[in-house]
2 protein chains.
Amino acid sequence: MPVPNPGHSFDLNQFLPYRLNRLADQLSEQLAHLYESSYSLNIAQWRVLAWLNQHEVLTAKQIREATRMDKARVSRAVQVLVERELISRSPNQEDQRAHHLRLTAAGRALLDQLLPQARDWEASVLSSLTDKERELLLQAMAKLERALGHEGMATSAMR
Amino acid sequence: MPVPNPGHSFDLNQFLPYRLNRLADQLSEQLAHLYESSYSLNIAQWRVLAWLNQHEVLTAKQIREATRMDKARVSRAVQVLVERELISRSPNQEDQRAHHLRLTAAGRALLDQLLPQARDWEASVLSSLTDKERELLLQAMAKLERALGHEGMATSAMR
DNA sequence: CCCAAATGGTTGCACATGAAACCGACCGAG
DNA sequence: CTCGGTCGGTTTCATGTGCAACCATTTGGG
């Protein structure tokens, strides 16, 4: 065991960004193994598919806004998925710059397999919490996210 | 607005790993801007420093265990910090493979500046939550982390 | 004692990603 | 109509990272 330093008091373990990151990393690392090993999907690709599962047709921009991923990241994920024919990219009359993205039959089939597994995995992780805790966790996260998004804080001065 | 798909029901926005990741990404992205822009530190380097702030002397292994970072990541972070003379690496009699890592005066000085800023920033983020919410959030996170670590679940079968 | 296996740490490699430059389509002021 | 600015998307570049191979040291079983 390392010897605590009597000097400054600052416990990284009590520091929210650090703790949250460690937890999120653990979660998505484990989940990523599922996507990756069984379906050769990385997280970005999974998110695109999951989002297309909820919306018949989308443009890259809409996916970018929904997932808050970088546009390059979305672009590359879409590219791979189109190559694998899990989604289709068709021209968009209203705007020739954008394309309509949709799930193909193959893409839908893949999700039919993957989604239940993802749900089960999530359930098994969440089973360590009570319903109440779960609810409060999501609520707190939503608040934090809004606070960060609004960006009114000291942050802006610090960048 | 995209049209919801009447097909499968699976809302990525309700999916914990996704939500948690998004939040963690937002948090550490903003924080990383502080480290990076003002002190030219990346997150790995910051974690090494923060940990050394709490423990007079550590080996890379101890840092690796404490922060759950990959050993290569720790190694590279340490390398940069030694080059910048923010930490010192001295031989270790008990084991010639490992080294003793300590903050230098410069390193301590940097932390003296950085830590209060980090704390302020964290406080401003957390100010959107009540004390109760904060407490429950940390508690729920700890539970999840333990559940993930113990790894007893469906996960192992899925890897 | 000695050698094989384990261990702390470093390095090479492949890959994912964000920022910024870029391209073609679109739009709006003149 | 037209030309500059904006916008959707792609590509290039630099960087960070995990994994696996590797090196030197240490350890433990014969």
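Throughout, protein chains are lettered first and strands after them, A, B, ... in sequence-line order, and every chain is numbered starting at 1.
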Trainee: I'd like a table of atom pairs between the protein and nucleotides 1-7 of chain C - only N or O on both sides, under 3.5 Å - with the distance next to each one.
Mentor:
from: C/dT7; atom 1: O2; to: B/Arg97; atom 2: NH1; distance (Å): 2.3

Trainee: When you measure from the side chain of A/Arg19 to the backbone N and O of A/Asn13, does any donor-acceptor pair fall under 3.5 Å?
Mentor: yes
Trainee: Taking only N/O atoms, report every protein-nucleotides 12-16 of chain C pair under 3.5 Å with atom names and distance.
Mentor:
from: C/dG12; atom 1: O6; to: B/Arg76; atom 2: NH1; distance (Å): 3.3

Trainee: Is it true that A/Asn42 and A/Gln45 share a donor-acceptor pair across their side chains at a distance under 3.5 Å?
Mentor: yes
Trainee: Answer yes or no: is there a side-chain heavy-atom contact under 4.5 Å between B/Phe10 and B/Leu12?
Mentor: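 A side-chain contact under 4.5 Å exists here.
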Trainee: Side chains of B/Glu122 and A/Tyr18: donor-acceptor distance under 3.5 Å anywhere?
Mentor: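 The answer is no; no qualifying pair exists.
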Trainee: In this structure, how many angstroms lie between the P atom of D/dG16 and the CG atom of A/Asp25, rounded?
Mentor: 16 Å
Trainee: By nearest heavy atom, map B/Met69 and A/Ala60 onto DNA chain D; which one lands nearer the 5' end?
Mentor: A/Ala60
Trainee: Quick check: do A/Leu52 and A/Arg102 have side-chain heavy atoms less than 4.5 Å from each other?
Mentor: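 No; the side chains remain at least 4.5 Å from each other.
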Trainee: Quick one: B/Asn92 CG to C/dG9 C1', roughly how many Å, whole number?
Mentor: 13 Å
Trainee: Whole angstroms only, please: what is the CD-P distance between A/Glu94 and C/dA25?
Mentor: 17 Å
Trainee: Go through residues 83-91 of chain B and report each residue with a non-hydrogen atom lying under 4.0 Å from DNA chain C, sorted by number.
Mentor: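 Result for residues 83-91 of chain B: B/Arg89, sorted by number.
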Trainee: So which one's nearest nucleotide on DNA chain C is more toward 5', A/Gln93 or A/Asp70?
Mentor: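 So the residue in question is A/Asp70.
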Trainee: State which residues pass side chain to side chain contact (heavy atoms under 4.5 Å, CB included) with B/Leu136; sequence neighbours excluded, sorted by chain then number.
Mentor: A/Leu136, B/Lys132, B/Gln139
Trainee: Phosphate oxygens OP1/OP2 of D/dG9: is one of them under 4.0 Å from a side-chain N or O of A/Ser75?
Mentor: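 For D/dG9, OP1/OP2 do not have a side-chain N/O of A/Ser75 under 4.0 Å.
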Trainee: Taking the side chain as everything from C-beta on, heavy atoms only, tell me whether A/Val48 gets closer than 4.5 Å to A/Met69.
Mentor: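 Yes; the side chains approach each other to less than 4.5 Å.
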Trainee: Send over the distance from A/Gln79 CD to D/dT10 P, rounded to a whole Å.
Mentor: 7 Å
Trainee: So, A/Asp25 and A/Arg22, do they make that salt bridge, N to O below 4.0 Å?
Mentor: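 Between A/Arg22 and A/Asp25 there is no salt bridge, as every charged N stays at least 4.0 Å from the carboxylate O atoms.
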Trainee: Between the side chains of A/Gln26 and B/Arg68, does any donor sit under 3.5 Å from an acceptor?
Mentor: yes
Trainee: How would you list, by chain and number, every residue that makes a side chain to side chain donor-acceptor pair (under 3.5 Å) with B/Asp95, sequence neighbours excluded?
Mentor: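 Result, side chain to side chain donor-acceptor pair (under 3.5 Å) vs B/Asp95: B/Arg97.
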Trainee: Rounded to the Å, how far apart are A/Lys71 NZ and C/dC23 P?
Mentor: 14 Å
Trainee: Rounded to the nearest Å, what distance is computed from the NE2 atom of residue B/His100 to the P atom of nucleotide C/dG8?
Mentor: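 Whole-Å distance recorded here is 14 Å.
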Trainee: Nearest-Å distance, CD (B/Glu29) to P (D/dT15)?
Mentor: 18 Å
Trainee: Look at atom CD of B/Glu85 and say whether more than 12 heavy atoms of other residues, nucleotides or ligands are closer to it than 6.0 Å.
Mentor: no
Trainee: With sequence neighbours left out, what residues match B/Tyr35 under ring-ring contact (aromatic ring centres under 6.0 Å, His included)?
Mentor: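 B/Trp46.
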Trainee: Which nucleotide sits closest to the side chain of A/Arg64: C/dG9, D/dG8, C/dG18?
Mentor: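 The answer is D/dG8.
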Trainee: Between D/dG16 atom P and B/Tyr35 atom OH, what is the distance in whole Å?
Mentor: 15 Å
